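Values reported hereafter were calculated over all heavy atoms of this structure, with side chains retained and with hydrogens, waters and symmetry mates removed. Computed from a predicted model, the values in this text were never measured in an experiment. Every chain is numbered from 1 and lettered A, B, ... according to where its sequence line falls, protein lines coming before strand lines.
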Number of protein chains: 2
Amino acid sequence: MTSQPRTLDHPDRSEIRLEDVLHALSDPVRLQIVCFLAAEGESSCSAIDLAVSKSTTTHHFRVLREAGVIRQVYRGTAKMSSLRREDLDALFPGLLDTVVTAHEAQQARTVTV
Amino acid sequence: MTSQPRTLDHPDRSEIRLEDVLHALSDPVRLQIVCFLAAEGESSCSAIDLAVSKSTTTHHFRVLREAGVIRQVYRGTAKMSSLRREDLDALFPGLLDTVVTAHEAQQARTVTV
DNA sequence: GCCGTACTACGAAAGCTATCGTACAAGGGT
DNA sequence: ACCCTTGTACGATAGCTTTCGTAGTACGGC
């Protein structure tokens with residue numbers, strides 16, 4: 001019995017630090033993940049098309065989870081991720097929306113198709 | 001004539017990237033600087049009591065400047081810094097205020113005197 | 001029981017960051 | 001002219017980050 005039903009460590013709401021959240025959001029790949037989750041709600045790690053390898057993807061999801069930005073649960077072979085919107089909104093009102101909006105605005109400016 | 005009247009390079013508004021701004025804000029020392037400037041308006045580098053050495057202070061101010069978060073000008077022997085509020089508000093509406101408010105709220109929660 | 005899918009763990013490499021001390025430059029006041 | 005204050009430049013160091021490949025585990029379906 002080496003394995004319990006596979007759970008993942010998440011920081012408690014009171015342990016979430018603004019610096020860590022901002023740091024988690026300061027990487028382009030992770031910003032993309034967060035914006036995807038903001039739009040889609042919940043999704044598996046593989047549902048997002050990222051320009052990095054599988055192991056790097058795992059790494060970024062972990063950074064987001066350990067900073068308290070997302071919650072992850074196993075469901076079959078998949079691992080579903082979703083934003084911890086309630087916790088983040090309670091701790092840092094408006095931050096998540098502001099960042100997501102800012103990122104989308106920047107995308108719109110930059111892509112200039 | 002090796003030295004022009006001492007100017008400093010600032011990124012153009014269009015060059016400011018959200019990732020860089022978030023990264024600049026993800027350090028406790030820099031967050032403290034930004035919140036101080038948000039409260040005081042303009043101030044010299046030495047006016048803030050930071051828990052790091054002089055050279056480290058210089059480093060953090062430079063990171064903030066190069067990310068486009070602050071503007072710095074020489075005035076006599078002092079170097080005055082101020083937030084680039086107009087640029088930031090135009091690019092990422094609400095971000096600065098949200099972060100400053102979030103930091104203050106976190107301080108209030110954490111210090112629990 | 002076996003295979004495929006989904007994800008993880010580990011180890012490695014390259015690069016960046018935060019920190020410091022020391023030595024130096026620029027400017028203002030006396 | 002000299003010094004004091006303010007900030008910079010440089011070099012060093014320790015630690016973190018991003019990235020990858022490879023090998024492995026967990027689960028569901030056949």
Quick one: is [N] close enough that its OP1 or OP2 comes under 4.0 Å of any side-chain N or O from [X]?
X	N	answer
B:Arg30	C:dA18	yes
B:His60	C:dT19	yes
A:Thr56	D:dT19	no

Whole-Å gap separating [atom2] ([N]) and [atom1] ([X]):
X	N	atom1	atom2	value
B:Ile33	D:dG7	CD1	P	12 Å
B:Phe61	C:dA18	CZ	C1'	16 Å
B:Gln72	D:dT6	CD	P	16 Å
A:Ile48	C:dC7	CD1	C1'	14 Å
A:Leu8	C:dA6	CG	P	18 Å
A:Leu50	D:dC20	CG	P	11 Å
B:Leu64	C:dT17	CG	P	13 Å
A:Met80	C:dC7	CE	C1'	13 Å

Go through [options] for me and flag the one nearest to the [X] side chain.
X	options	value
A:Val52	C:dC7, D:dT6, D:dT19	D:dT19
B:Arg62	C:dC7, C:dT19, D:dA9	D:dA9
B:His23	C:dT17, D:dT19, D:dG7	C:dT17

Worksheet item: Is the base of D:dG28 touched by the side chain of A:Thr77 through a donor-acceptor pair closer than 3.5 angstrom?
Response: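 Absent.
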Discussion item. When you measure only distances, ignoring hydrogens and angles, does the side chain of B:Ser55 come within 3.5 Å of the base of C:dG21 through a donor and an acceptor?
Written reply: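 Checked by distance alone, the answer is yes.
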Fill in: Ionic contact status for B:Arg85 with B:Asp97, cut-off 4.0 Å
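Salt bridge between B:Asp97 and B:Arg85, a charged N being under 4.0 Å from a carboxylate O: yes.
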Touch class at under 4.0 angstrom, heavy-atom based, for [X] against every strand present:
X	answer
A:Ser44	sugar-phosphate
A:His59	base
A:Thr58	base
B:Arg75	nothing

Nearest atoms (heavy-atom pairs only) where [X] meets [Y]:
X	Y	answer
B:Ala47	B:Phe36	O-CZ, 4.0 Å
A:Val100	A:Ala38	CG2-CB, 4.0 Å
A:Ile16	A:Gly68	CD1-O, 3.8 Å

Worksheet item: Sub-3.5 Å donor-acceptor pair from the side chain of B:Gln72 to the main-chain atoms of B:His10, do we have one?
Response: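 No; judged by distance alone, with no hydrogens or angles, the pair does not exist.
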Worksheet item: Starting at the 5' end of DNA chain D and moving along, which residue's nearest nucleotide shows up first, A:Ala51 or A:Lys54?
Response: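 Comparing both residues, the 5'-ward one is A:Ala51.
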Worksheet item: Which sits closer to the 5' end of DNA chain D, B:Thr57 or A:Gly76, going by the nucleotide each is nearest to?
Response: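 It is B:Thr57 whose nearest nucleotide is closer to the 5' end.
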Worksheet item: What's the spacing between B:Arg65 CZ and B:Leu8 CG if we round to 0.5 Å?
Response: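 Interatomic distance, B:Arg65 CZ to B:Leu8 CG, rounded to 0.5 Å: 4.5 Å.
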